[in-house]
Number of protein chains: 2
Amino acid sequence: MRKGIPEKTVQRLLLYYRYLFFLLQQGAKNISSKSLADLLEIKDSQVRKDLSYFGQLGKRGSGYDVLALRDKIANILGIDKETNVCIVGMGNLGSALAAYKGFLALGFRIIAVFDNSKQKFGHKIKGYQCYDINQISKIIEENDIKIAILTVPAEAAQETAIKLEKAGIKAILNFTPVKLSLSKRTKISNVDLALELKTLSFFMGK
Amino acid sequence: MRKGIPEKTVQRLLLYYRYLFFLLQQGAKNISSKSLADLLEIKDSQVRKDLSYFGQLGKRGSGYDVLALRDKIANILGIDKETNVCIVGMGNLGSALAAYKGFLALGFRIIAVFDNSKQKFGHKIKGYQCYDINQISKIIEENDIKIAILTVPAEAAQETAIKLEKAGIKAILNFTPVKLSLSKRTKISNVDLALELKTLSFFMGK
DNA sequence: GACACAATGTGAAATAATTCACAAATATGA
DNA sequence: TCATATTTGTGAATTATTTCACATTGTGTC
Ligand SMILES: NC(=O)c1ccc[n+]([C@@H]2O[C@H](COP(=O)([O-])OP(=O)(O)OC[C@H]3O[C@@H](n4cnc5c(N)ncnc54)[C@H](O)[C@@H]3O)[C@@H](O)[C@H]2O)c1
Ligand SMILES: NC(=O)c1ccc[n+]([C@@H]2O[C@H](COP(=O)([O-])OP(=O)(O)OC[C@H]3O[C@@H](n4cnc5c(N)ncnc54)[C@H](O)[C@@H]3O)[C@@H](O)[C@H]2O)c1
């Protein structure tokens with residue numbers, strides 16, 4: 001079922017999910033690919049193509065059942081079961097992310113946060129007990145954590161990534177502007193905020 | 001020169017820039033598309049194709065001049081001149097972004113930060129004087145600010161975006177999980193961190 | 001139940017991005 | 001100077017993604 005599904009499709013699925021969630025609260029029962037597409041300013045055929053990867057989810061004549069489709073997408077994306085994550089580097093950005101409620105809404109539970117500074121570990125930050133980075137293997141194993149959010153300074157990024165991989169982390173959401181070099185088995189996704197801003201400004205007014 | 005350049009190309013240009021910057025510090029004089037590509041784990045032909053949008057920047061036999069290419073990319077991307085930006089919503093995320101040095105390294109100067117809370121405006125946050133959101137038109141005009149980073153709560157996102165557009169903002173980097181509806185003239189780029197994490201986890205181990 | 005309308009699902013076509021592959025230019029070294 | 005090696009720049013081929021277009025199925029009304 002998850003063979004060769006384009007990344008873009010997965011991302012749009014989440015956008016559909018958010019709207020379906022909202023529509024359900026409004027009491028909507030059915031929605032057509034056209035209406036959903038218009039809300040997102042995309043083509044209706046795109047919506048249908050995306051959903052068609054996962055079976056025949058709609059009904060000709062009346063469209064998609066909002067509740068059923070929302071739950072189907074939740075299931076496809078694994079929103080219906082919790083995934084444990086940790087944050088590594090509890091500075092400005094790490095602390096902000098720890099406070100973000102949007103992760104939990106998609107099934108991500110922040111289980112542990114780490115830092116290497118004595119000012120931080122041993123204390124509570126945004127409600128989370130902060131652990132010493134050197135304890136990471138133990139805590140990751142005890143809590144079945146597969147995903148790490150990396151928000152350490154750029155200089156420490158590569159060495160910390162290696163620690164994460166050794167500790168058993170399978171995927172890293174990397175906020176540092178550093179190209180991490182790890183084994184192919186560890187999935188890395190880069191969030192490069194300066195790059196986003198530069199791209200925006202490049203195309204501004206075009 | 002900026003006609004029909006793929007967004008992906010612009011983004012890679014910035015990655016090239018960062019490496020060239022670094023290579024220059026190491027004293028490198030020349031670099032081939034192959035070496036640059038290997039550093040980024042992409043194809044050498046991709047590097048050459050990207051650069052070819054902007055002229056014939058290399059030299060057959062010896063590759064690209066590191067300094068000249070870095071400066072050319074800086075010029076293409078406008079890193080060589082400063083762009084003023086503001087941050088709107090100085091909560092967890094807005095404050096973290098205000099502290100980020102990576103924006104300035106690409107030519108973005110945070111000129112003003114805004115909030116609607118009396119606890120915040122009138123005070124200094126991360127070294128920036130925080131202004132009342134209702135003063136935004138005046139301050140944006142006085143300081144020639146064209147780009148806003150939007151980090152207000154989701155509920156306030158759409159109304160705030162409208163304020164920004166009215167105040168003369170031309171581009172918005174939107175961190176809220178809300179699809180903003182504005183006129184076509186305002187360029188919007190969405191940074192959806194929950195979506196990034198979900199995409200990563202979906203493809204984890206695949 | 002028949003007719004008009006709505007909306008899906010999906011091959012085929014169009015568009016976009018990446019990769020190939022090679023001629024042309026430059027560099028190196030005997 | 002010449003032969004060999006390197007490396008670019010770029011059309012052509014390939015691959016990925018989006019959009020089209022329409023047969024098919026379901027809905028609603030008289
Ligand atoms: N602040 C932002 O808004 C922002 C935006 C984009 C990218 N980033 C990137 O995110 C990273 C963090 O930025 P920040 O502003 O939060 O920095 P910061 O200095 O505020 O925080 C970094 C934290 O990491 C901890 N740390 C340092 N070395 C460590 C190690 N080896 N192991 C574990 N923890 C360690 C520090 O004690 C500190 O708490 C940087 O790489 C930065 O480039 C930040
Ligand atoms: N915290 C994160 O790491 C994170 C991650 C991804 C996305 N986001 C999104 O970013 C936004 C901000 O998140 P946050 O955690 O910083 O929230 P926050 O509540 O800490 O901060 C929001 C700030 O906006 C101010 N504000 C509220 N209404 C305003 C208005 N009308 N005009 C101007 N300012 C206003 C508030 O006073 C507050 O200071 C949210 O939409 C959230 O979904 C946050």
Side-chain angles (χ1 to χ4, degrees), chain A residues 1-16 19-20 23 28-70 72-73 76 195 199 202-203 206, chain B residues 1-16 19-20 23 28-70 72-73 76 195 199 202-203 206:
Chain A
M1 192 209 250
R2 295 190 185 175
K3 269 280 160 50
I5 292 161
E7 183 164 320
K8 291 277 186 70
T9 288
V10 173
Q11 300 194 336
R12 280 188 299 264
L13 239 37
L14 185 50
L15 303 182
Y16 304 156
Y19 264 108
L20 290 166
L23 287 166
K29 291 266 177 289
N30 291 281
I31 188 155
S32 67
S33 56
K34 182 74 172 68
S35 325
L36 195 49
D38 287 350
L39 290 168
L40 288 157
E41 297 180 68
I42 60 177
K43 288 278 190 297
D44 54 341
S45 56
Q46 180 79 83
V47 172
R48 295 198 300 280
K49 180 72 81 184
D50 284 340
L51 296 175
S52 76
Y53 285 108
F54 305 95
Q56 308 198 157
L57 309 178
K59 214 163 138 189
R60 292 166 200 232
S62 61
Y64 299 85
D65 181 284
V66 177
L67 176 58
L69 185 57
R70 189 202 62 174
K72 177 70 183 177
I73 294 179
I76 291 167
L195 181 150
T199 309
F202 185 89
F203 290 106
K206 294 268 147 24
Chain B
M1 195 212 251
R2 296 190 184 174
K3 271 280 161 51
I5 292 161
E7 184 164 319
K8 293 278 187 70
T9 288
V10 173
Q11 300 194 337
R12 280 188 299 264
L13 239 37
L14 185 50
L15 303 182
Y16 304 156
Y19 264 107
L20 291 166
L23 287 165
K29 291 265 178 288
N30 292 282
I31 188 155
S32 67
S33 55
K34 183 73 173 70
S35 327
L36 196 49
D38 286 350
L39 290 169
L40 289 156
E41 296 181 70
I42 60 177
K43 287 276 190 299
D44 54 343
S45 56
Q46 180 79 83
V47 172
R48 294 198 299 279
K49 180 73 82 183
D50 285 340
L51 296 175
S52 76
Y53 285 107
F54 305 96
Q56 309 199 157
L57 310 178
K59 212 164 141 190
R60 291 164 200 231
S62 60
Y64 299 86
D65 181 285
V66 177
L67 176 59
L69 185 58
R70 188 202 63 171
K72 177 69 183 179
I73 294 179
I76 292 166
L195 182 149
T199 309
F202 185 90
F203 290 106
K206 294 264 146 26

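Chain letters run A, B, ... following the sequence lines, proteins first, then strands; residues in each count from 1. Hydrogens, waters and symmetry mates are skipped; everything else that's a heavy atom, side chains included, is used.
Of the candidates C:dT26, C:dT18, C:dT19, the closest approach to any side-chain atom of B:Ser45 belongs to C:dT19.
Donor-acceptor pairing under 3.5 Å, judged by distance alone, is absent between the side chain of A:Arg48 and the base of C:dT8. Evaluation of atom-type donor-acceptor distances gives no pair under 3.5 Å for the side chain of B:Arg60 against the base of C:dT26.
Following rounding to the nearest Å, A:Glu7 (CD) and C:dT18 (P) show an atom-to-atom distance of 13 Å. Taking atom CG on A:Asn30 and atom P on D:dT25, their separation rounds to 20 Å, with Å as the unit. When the P atom of C:dG9 is taken as reference, atom NZ of A:Lys34 falls 17 Å away, rounded to whole Å. What separates CG of B:Asp38 from C1' of D:dT7 is a distance of 14 Å, to the nearest Å. Here C:dT28 presents its C1' atom at 14 Å from NZ of B:Lys59, a figure rounded to the nearest Å. Following rounding to the nearest Å, B:Tyr53 (OH) and C:dA16 (P) show an atom-to-atom distance of 11 Å. Between A:Asp44 atom CG and D:dT18 atom C1' there is a gap of 12 Å when expressed in whole angstrom units. B:Arg12 has its CZ atom 8 Å from the C1' atom of C:dA17, to the nearest Å.
Position along DNA chain D of the nearest nucleotide to A:Asp50 versus A:Ser62 favours A:Asp50 as the more 5'-ward residue. Judged by closest nucleotide on DNA chain D, A:Gln46 is the one of A:Gly61 and A:Gln46 placed further toward the 5' end.
Within the 4.5 Å cutoff, no side-chain heavy atoms of B:Val47 are placed close to those of B:Leu40. B:Arg48 places a side-chain heavy atom less than 4.5 Å from the side chain of B:Tyr64.
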### Message
Determine whether B:Thr199 and A:Glu7 satisfy the following criterion, side-chain contact (heavy atoms from CB on, under 4.5 Å), listing intermediate values before the conclusion.
### Response
CA-CA 7 Å; B:Thr199 309; A:Glu7 183 164 320; 3.6 Å; yes
### Message
Is there a side-chain contact (heavy atoms from CB on, under 4.5 Å) between B:Ile73 and B:Phe54? Walk through the geometry before answering.
### Response
CA-CA 9 Å; B:Ile73 294 179; B:Phe54 305 96; over 6 Å; no
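Across all strands shown, B:Ser33 has heavy atoms under 4.0 Å from sugar-phosphate atoms exclusively, and none from any base. In this structure, A:Leu51 reaches neither bases nor backbone, as no heavy-atom distance under 4.0 Å exists between it and the strands shown. Looking at heavy-atom distances under 4.0 Å, B:Ile42 makes no contact with the nucleic acid at all.
Regarding contacts with the backbone of C:dA25, every side-chain N or O of B:Gln56 stays at 4.0 angstrom or more from both OP1 and OP2. A close approach under 4.0 Å does occur between a side-chain nitrogen or oxygen of A:Tyr64 and OP1 or OP2 of C:dG9.
Contact between B:Asn30 and B:Ser62 at its shortest, heavy atoms only, is CB-O, 3.8 Å.
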